[in-house]
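Just so you know, these numbers come straight off a predicted model, no measurement behind them. Each chain gets a letter, A, B and so on, in the order the sequences are listed, and its residues count up from 1. Just so it is clear, the values below take in all heavy atoms, side chains as well, and ignore hydrogens, waters and symmetry mates.
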Amino acid sequence: MLPKAVFCYPNNPVDVREHIREAVKALGVEVPFVELEVPKLQKHGDISTPVSMALARILKKNPRQIAEQIKQHLEGTGLFESVEVAGPGFINIRFSTEYLVSGLRELLRTPERFLRKDIGKGRKVQVEFVSANPTGPLHLGHGRGAAFGAALSNLLERAGYDVEREFYINDAGRQVTLLAESIFARYKELKGLEYPFPEDGYRGDYIVELARELNEKVGDKYIEQSFSKVQSELKEFGVKRMLELIKTDLEAFGVVFDRWQSEQALYEEGLVKRCLDELTRKGKLYEKDGALWFRATEFGDDKDRVVIKSDGAYTYFASDIAYHWYKIQRGFDELIDVWGADHHGYVPRIKAVIRALEQPDEKLTVMLVQMVNLLRDGKPVQMSKRAGEFVTLREVMDEVGADTTKFIFLTRRPDSHLDFDIEVAKRESSENPVYYVQYAHARINSIFKKATERGLSFKEPENVELLKEEEEFSLIKKLLFYPLMFEGAVREREPHRITFYLQELARLFHSYYSSHRVVSDDRELSTARLSLCRAVMTVINEGLSILGVTAPERM
RNA sequence: GCCCCCUUAGCUCAGUAGGAUAGAGCACAGGAUUCCUAAUCCUGGUGUCAGAGGUUCGAAUCCUCUAGGGGGCACCA
């Protein structure tokens, strides 16, 4: 008979969960989730579970007693060095070196299988993010949304979701008209003509640039024209140029989209009308005071909302309804909208839409990304898009670099306010954690260069059983915990967990590096250590690629 | 006025699905490099988890209230 372990994929700590689940099953109950944690204190083992305390209530038994039973089951697997019951009923598990080493082997042999657990099972998810108005350059807040949305998409993709990244272009309505009129005003100004600047117009210098460009294109042609005559051409021109700018900036920032959905197109293709017709048919809309209203209150919102104003014009909400209706029609299992926190008041409204469209609440998740306070040397930089005073993503990128900018954004929970100090971010020092992680990667690369120079060739995971140092086991444990962290990050949609994990991993590596030499005269030990280095490198690479940060070979 | 988010070490922030004695980085001080990159490492100590109640065997974490900071409340976009 084969030992039980063979059937249980003894390759990483997440599988400890399976063993515990089995043990719990043997007690005659099932738990939906077996909680695992990495204990703070070493004496509490390598991994620990409080599951027996939770079971105490259900089984009406002493938690320590339950823990003892689970312990016996776990000991039966022969995988662990020790299993202890401690405190009120914690089960503390210590891995055997064989367990650790076989985990490392697993990671080296099939890194993808080890690092990318199929949680999504091919479920189709759409992540809509940035979606900035095409009326000006991206600012830093958009940058945060971009970094977050991109990292979240990458994360979900690696968890087996079929992800589509979409940018929604608000190219219909008043803002775009304002853009056109602002350009028009600057054009007139350029020509030495009197023309009132629109009250809420865009005052940024880029508008003057656009006016100049327009002048080169049309020359004097528009001098005599009224705005209404040239409006649509100007809109098209302005939106096109702004969109180009936004795309270029995002590309430079390393953020790509699969799809760009135009709002205007929703109208032109009749989707808004079709959607509203359907809702009318289903009685979700009604007329009052000459306007068309959506029964939002029936679906959990505070008040009903207008979709067509009494003057016959659509509100933005109309196209937003149609947009989400369209998303649903496209067959996504899940929709994620990443919005700036200033739009949070909009959440109940759009949630109401999802319900009105007869979809379960979980279908749509709105993730709010908090605003960014820009500082320079500790002093706030005032920003107002309307007044044309704002620091663009481009400026920050040029000044501090895309990697650093992204990393800083992803070192915080999305829902916490963020102070972004340009001067601090600019320093190429230990104040920038991104270098710390990247440096670990570059260092490993340099070790491999050294190994090649020495003519060391080997096949990973050769000789890993020779690893004996405490720092090596710490590193391996950290590596093996990657899937645990990954699962949590996916479940909670929190890419920042990756960022923190990478810093911890880098710390362990740097520490190891300074106390032990990888490439030495001991050929076999060297290959063992190189294998470990390769594993660290692989995981750093994987993590950084989720964050959209480069992993440099040299620094 | 109503609604949402935030408040953890001097600063910036983590804290994993309620678990054990609350954690990093920075800053500050001292030390480490004949050797694979010193953007590194090692050693130093900090807390009324904003406050008050409550739920629980157990709360930074969940509930209620209060205070402070930010944001939102349109037939605006």
Say whether, by atom type as modelled, one donor and one acceptor occur between the side chain of [X] and the main chain of [Y] under 3.5 angstrom.
{"X": "A/Glu542", "Y": "A/Thr538", "value": "no"}
{"X": "A/His510", "Y": "A/Tyr439", "value": "no"}
{"X": "A/Tyr202", "Y": "A/Glu181", "value": "no"}

Exercise. Ignoring hydrogens and angles, are the base of B/A77 and the side chain of A/Asp320 linked by a donor-acceptor pair under 3.5 Å?
Worked result: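 Result: no qualifying N/O pair found.
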Exercise. Do the side chain of A/Ser48 and the base of B/A20 come within less than 3.5 angstrom through a donor-acceptor pair of N or O atoms?
Worked result: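 Checked by distance alone, the answer is yes.
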Under 4.0 Å between any heavy atoms, over every strand shown, what does [X] touch: base, sugar-phosphate, or nothing? Just pick one.
{"X": "A/Asp421", "result": "nothing"}
{"X": "A/Glu492", "result": "sugar-phosphate"}
{"X": "A/Lys450", "result": "sugar-phosphate"}
{"X": "A/Arg413", "result": "sugar-phosphate"}
{"X": "A/His441", "result": "nothing"}
{"X": "A/Val38", "result": "base"}
{"X": "A/Ala440", "result": "nothing"}
{"X": "A/Arg497", "result": "sugar-phosphate"}
{"X": "A/Glu553", "result": "base"}

Of all the nucleotides listed ([options]), which has the minimum atom distance to the side chain of [X]?
{"X": "A/His510", "options": "B/A39, B/U40, B/U12", "result": "B/U40"}
{"X": "A/Asp419", "options": "B/C36, B/C41, B/C13", "result": "B/C13"}
{"X": "A/Gln175", "options": "B/A17, B/G15, B/A77", "result": "B/A77"}
{"X": "A/Arg174", "options": "B/A14, B/A77, B/A39", "result": "B/A77"}
{"X": "A/Phe33", "options": "B/C41, B/A17, B/A77", "result": "B/A17"}

For this session: For A/Asn92 and for A/Gln503, find the nucleotide of RNA chain B with the closest heavy atom, then tell me which residue's nucleotide is more 5'.
Result: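 With A/Asn92 and A/Gln503 compared, the 5'-side residue is A/Asn92.
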Exercise. If you find the nucleotide of RNA chain B closest to A/Thr49 and the one closest to A/Ser310, which residue's nucleotide is nearer the 5' end?
Worked result: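 Its nucleotide being nearer the 5' end, the pick is A/Thr49.
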Can you tell me if the side-chain N/O atoms of [X] get under 4.0 Å from OP1 or OP2 in [N]?
{"X": "A/Arg507", "N": "B/U40", "value": "no"}
{"X": "A/Arg491", "N": "B/A17", "value": "yes"}
{"X": "A/Tyr436", "N": "B/A24", "value": "no"}
{"X": "A/Tyr439", "N": "B/A39", "value": "yes"}
{"X": "A/Ser511", "N": "B/C42", "value": "yes"}
{"X": "A/Arg443", "N": "B/A38", "value": "yes"}
{"X": "A/Ser416", "N": "B/A14", "value": "yes"}

[X] bridged to [Y] by N-O distance under 4.0 Å:
{"X": "A/Glu472", "Y": "A/Arg529", "value": "yes"}
{"X": "A/Arg174", "Y": "A/Asp200", "value": "yes"}
{"X": "A/Glu504", "Y": "A/Arg507", "value": "no"}

Could you verify whether a donor N or O on one side chain and an acceptor N or O on the other, from [X] and [Y], lie under 3.5 Å apart?
{"X": "A/Gln264", "Y": "A/Lys235", "answer": "no"}
{"X": "A/Tyr286", "Y": "A/Asp304", "answer": "yes"}
{"X": "A/Thr135", "Y": "A/Gln175", "answer": "no"}

Exercise. How would you list, by chain and number, every residue that makes a side chain to side chain contact (heavy atoms under 4.5 Å, CB included) with A/Glu35, sequence neighbours excluded?
Worked result: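 Per chain and number, A/Glu35 pairs via side chain to side chain contact (heavy atoms under 4.5 Å, CB included) with A/Phe33, A/Glu37, A/Pro50.
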Write out a two-atom table: protein N or O, nucleotide N or O from nucleotides 21-23 of chain B, distance below 3.5 Å.
residue, atom, partner, partner atom, Å
B/U21, O4, A/Lys43, NZ, 2.7

For this session: Is it possible for you to check whether A/Arg443 lies under 6.0 Å from the centre of the six-membered ring of A/Phe509, through NZ or CZ, and within 45° of that ring's axis?
Result: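 Judged by the rule (NZ or CZ under 6.0 Å from the ring centre, within 45° of its axis), A/Arg443 is not positioned above A/Phe509.
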Listed pairs, N/O of protein and of nucleotides 67-69 of chain B, under 3.5 Å:
residue, atom, partner, partner atom, Å
B/G69, N2, A/His417, NE2, 3.3

Problem set entry | Watson-Crick and G-U pairing of RNA chain B written in dot-bracket, each distance under 3.5 angstrom, with | for inter-strand partners | (((((((..((((.....[...)))).(((((.......))))).....(((((..]....))))))))))))....
For this session: Could you work out the separation of B/G69 and B/G44 based on their C1' atoms and round it to a whole Å?
Result: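 My reading of the C1' atoms in B/G69 and B/G44 gives 35 Å.
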For this session: For B/C63 and B/G10, measure between their C1' atoms and round to the nearest Å.
Result: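 My reading of the C1' atoms in B/C63 and B/G10 gives 33 Å.
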For this session: Using the test side-chain hydrogen bond (donor to acceptor under 3.5 Å, both in side chains), find all partners of A/Glu460 that sit at least two apart in sequence or belong to another chain.
Result: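 Partners of A/Glu460 under the side-chain hydrogen bond (donor to acceptor under 3.5 Å, both in side chains) test: A/Arg534.
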Exercise. Can we call the ring centroids of A/Tyr501 and A/Tyr482 under 6.0 Å apart?
Worked result: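 Under 6.0 Å, so yes.
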Could you list all N or O pairs between the protein and nucleotides 72-74 of chain B that sit under 3.5 Å apart?
residue, atom, partner, partner atom, Å
B/A74, OP2, A/Lys303, NZ, 2.7

For this session: Step through the shown structure and confirm whether more than 12 heavy atoms of other residues, nucleotides or ligands are within 6.0 Å of CD on A/Glu453.
Result: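 More than 12 within 6.0 Å, yes.
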